[in-house]
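Quick caveat, the model's predicted, so the values are computed rather than measured.
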Amino acid sequence: QVQLVESGGGSVQAGGSLRLSCVVSGYAYGARCLAWFRQSPGKEREGVATIYTGGGNRYYADSVAGRFTISQDNARNTLYLQMNSLKPEDTAMYYCAAYFLVRPAGYICPINLEYNHWGQGTQVAVSS
C-alpha cells in the first residue's frame with residue numbers, strides 16, 4: 001500500500017522560507033510523477049509543482065515559479081518543496097501526490113494528471 005507522509009509546515013513571516021518534505025513508501029520499483037498541491041479554505045485545490053522521477057523534469061505553476069523548487073531524493077524516497085520569498089497568499093494546506101507511470105526521460109508530469117495517491121497534508125501559514 002502506497003503511503004505519502006508530509007512534514008515541514010509551519011508559520012512564517014512574509015519573505016521567509018520553509019521546506020516541505022514528503023516520504024513515499026509502500027510502492028514497487030518504478031518511475032512516477034510526484035506533485036505538490038495546496039488548498040486554502042473556500043478555494044479550489046491548486047497544483048503547485050510536479051517532477052518526473054524517471055528524468056527529473058519539473059513543472060511550476062506561474063504563482064510560484066522562481067520562488068519554489070521541487071526536488072527528490074531517491075535514496076530517501078523523499079520529495080521536497082523548498083519555498084522561498086513566501087507571501088501571505090501562499091497560506092494553505094499543502095499536499096503531496098503520486099501517480100505511477102513510465103514515460104521517456106524528457107517527460108514533464110502534467111499538473112492535471114489524475115494523481116491517485118495523496119498525503120494527509122501539512123499546514124503553511126504566512127503572516128504579513
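Using a distance-only test at 3.5 Å, with no hydrogens or angles considered, no donor-acceptor pair links the side chain of Thr50 to the main chain of Ile108. Remark: the backbone N or O of Arg103 is paired with a side-chain donor or acceptor of Tyr52 at under 3.5 angstrom.
Listed by chain and number, the residues in a ring-ring contact (aromatic ring centres under 6.0 Å, His included) with Tyr80 amount to none (sequence neighbours excluded). In this structure, the ring-ring contact (aromatic ring centres under 6.0 Å, His included) partners of Phe37, at least two apart in sequence or on a different chain, are Tyr115, Trp118. With sequence neighbours left out, Tyr99 forms a ring-ring contact (aromatic ring centres under 6.0 Å, His included) with no residue at all. Shown here are the salt bridge (Lys or Arg N to Asp or Glu O under 4.0 Å) partners of Glu46, two or more places apart in sequence or in another chain: Arg38.
Residue pairs meeting the disulfide bond (SG atoms under 2.5 Å apart) criterion with at least one partner in residues 66-107, sequence neighbours excluded, are Cys22-Cys96. Within the structure, no pair that satisfies the salt bridge (Lys or Arg N to Asp or Glu O under 4.0 Å) test touches residues 112-128, not counting sequence neighbours. Counting only residues at least two apart or on different chains, no disulfide bond (SG atoms under 2.5 Å apart) pair has a member in residues 38-87. Among pairs with a residue in residues 98-128, those fulfilling disulfide bond (SG atoms under 2.5 Å apart) read Cys33-Cys109, at least two apart in sequence or across chains. Counting only residues at least two apart or in different chains, side-chain hydrogen bond (donor to acceptor under 3.5 Å, both in side chains) contacts with residues 11-21 comprise Ser17-Asn84. Applying the salt bridge (Lys or Arg N to Asp or Glu O under 4.0 Å) rule to pairs touching residues 55-65 yields nothing, sequence neighbours excluded.
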Give the table of side-chain donor-acceptor pairs shorter than 3.5 Å for residues 121-128, with sequence neighbours excluded, one pair per line with atom names and distance.
unit_1: Thr122; atom_1: OG1; unit_2: Gly9; atom_2: N; d: 3.0
unit_1: Gln123; atom_1: NE2; unit_2: Ala92; atom_2: O; d: 3.2

Do any side-chain atoms of residues 65-76 form donor-acceptor pairs under 3.5 angstrom with protein atoms, and if so which ones, sequence neighbours left out?
unit_1: Arg67; atom_1: NH1; unit_2: Ser85; atom_2: O; d: 3.0
unit_1: Arg67; atom_1: NH1; unit_2: Asp90; atom_2: OD2; d: 2.7
unit_1: Arg67; atom_1: NH2; unit_2: Ser63; atom_2: O; d: 2.8
unit_1: Arg67; atom_1: NH2; unit_2: Asp90; atom_2: OD1; d: 3.0
unit_1: Arg67; atom_1: NH2; unit_2: Asp90; atom_2: OD2; d: 3.4
unit_1: Asp73; atom_1: OD1; unit_2: Ala75; atom_2: N; d: 3.1
unit_1: Asp73; atom_1: OD1; unit_2: Arg76; atom_2: N; d: 3.2
unit_1: Asp73; atom_1: OD2; unit_2: Arg76; atom_2: NH1; d: 3.0

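To the nearest 0.5 Å, the span separating NZ on Lys43 from OG1 on Thr91 amounts to 9.0 Å. With values rounded to the nearest 0.5 angstrom, Ile51 atom CD1 is found 10.5 Å from Arg32 atom CZ.
Considering only heavy atoms from C-beta on, Leu20 comes within 4.5 Å of Met83 through its side chain. Residues Trp36 and Leu79 have side chains in contact (heavy-atom distance under 4.5 Å, counting atoms from C-beta outward).
Criterion: ILVMFWY side-chain heavy atoms under 4.5 Å apart, direct or through other members. Under it, Phe100 and Leu34 are part of a common hydrophobic cluster. Val23 and Leu4 are not part of a single hydrophobic cluster, where members link through side-chain heavy atoms under 4.5 Å apart.
The minimum heavy-atom distance between Gly106 and Asn57, with the atom names listed, is O-ND2, 2.8 Å.
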